[in-house]
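Every heavy atom of this structure was used, including side-chain atoms; hydrogens, water molecules and symmetry mates were not. Since we're looking at a predicted model, the values are computed, not measured.
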Amino acid sequence: LNPVYNKGLGCLPCSGSPFVRSLTLLCSKPKPFLDSFQGCFKDELRFFAGLYFVYRLLPTSVYMFVTTPLQGYILTESFLVSFLLAHAVFQPYTEKAHNILDGLLFAILVAINSFTLFNFSNVSNPAEQTSVIILCWTQVLLSYIPLCYIIWYI
């Protein structure tokens, strides 16, 4: 069994209790607990698990610090492009398919935000109404691509 169990817990009178047995099984796992959350990343790039939290935090908190929506869209677009570039350069996942899929999801976010920026700047121009409607429908379709992937994956 586990050397810790044999030396430390084996001499206790309660060593046969279910709690001690489950503690022994928990301690004898070959991989650490955090590997279950960060095991998909390359060893030197495991910080990307925490960086994805920052990826979510920055675009959503941008609108607290800007005065106009146009500034917010531009700042969000710059954040999203920098996230896409960082992901494309580092390729943090061990499997190539996961890197490609995550890059495509970041590209979809960049496209949706770009279309929102275009629609926001051209909303008052009546000559651009058909392009605005087409881009709005494109945004809706792009926003459903991750949902379709999740349903297909499950």
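Annotation: side chain of F83 is not in contact with side chain of V81 (no heavy-atom distance under 4.5 Å). For the pair F106 and Y55, the minimum side-chain heavy-atom distance is below 4.5 Å. Looking only at side-chain heavy atoms (C-beta outward), L117 and L70 come within less than 4.5 Å of each other.
Sorted by first and then second residue, the ring-ring contact (aromatic ring centres under 6.0 Å, His included) pairs with a member in residues 59-81 read Y73-F120; sequence neighbours excluded.
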- Would you please test L104 and I100 for side chain to side chain contact (heavy atoms under 4.5 Å, CB included) and show each step? CA-CA 6 Å; L104 288 174; I100 292 171; 4.2 Å; yes
- Query: Does the side chain to side chain contact (heavy atoms under 4.5 Å, CB included) test come out yes or no for T76 and T60, once each step is laid out?
  - Reply: CA-CA 8 Å; T76 303; T60 55; over 6 Å; no
- Task: Walk me through it: do W137 and I134 pass the test side chain to side chain contact (heavy atoms under 4.5 Å, CB included)?
- Result: CA-CA 5 Å; W137 280 106; I134 291 171; over 6 Å; no
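A chain of hydrophobic side-chain contacts below 4.5 Å, direct or via other Ile, Leu, Val, Met, Phe, Trp or Tyr residues, connects V110 to L51. I112 and L75 are not part of a single hydrophobic cluster, where members link through side-chain heavy atoms under 4.5 Å apart. At a threshold of 4.5 Å between side-chain heavy atoms, the hydrophobic network of Ile, Leu, Val, Met, Phe, Trp and Tyr places L45 and L105 in two separate groups. Criterion: ILVMFWY side-chain heavy atoms under 4.5 Å apart, direct or through other members. Under it, F90 and L109 are part of a common hydrophobic cluster. No single ILVMFWY cluster, assembled from side-chain heavy atoms under 4.5 Å apart, contains both I151 and L101.
Nearest heavy atom pair, residue L80 against residue P59, reads CD2-CG, 4.4 Å. The shortest heavy-atom contact between A86 and F48 is O-CZ, 4.4 Å. N99 and Y93 make their closest contact through OD1-N, 2.9 Å (heavy atoms, listed as atom of the first residue, atom of the second, distance).
In this structure, F53 shares a hydrophobic cluster with L57, the cluster being traced through Ile, Leu, Val, Met, Phe, Trp and Tyr side chains under 4.5 angstrom apart.
Considering OG of S82 and CD of E77, their distance stands at 10.0 Å, rounded to 0.5 Å. Between the CG atom of N113 and the CD1 atom of I108 there is a distance of 13.5 Å, given to the nearest 0.5 Å. Note that CG of L141 and SG of C136 are 11.5 Å apart. Values are rounded to the nearest 0.5 Å.
Between Y52 and H87, the ring planes lie tilted relative to each other; the angle falls in the 30° to 60° range.
Without hydrogens or angle criteria, K96 side chain to Q91 main chain gives no donor-acceptor distance under 3.5 Å. Between the T94 side chain and the C40 main chain, a donor and an acceptor come within less than 3.5 Å of each other.
In summary, the aromatic rings of F118 and F115 are positioned with their centroids too far apart to meet the 6.0 Å limit.
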Side-chain donor/acceptor pairs under 3.5 Å, residues 142-150, sequence neighbours excluded:
| residue | atom | partner | partner atom | Å |
| --- | --- | --- | --- | --- |
| S143 | OG | Q139 | O | 3.3 |
| S143 | OG | V140 | O | 2.7 |

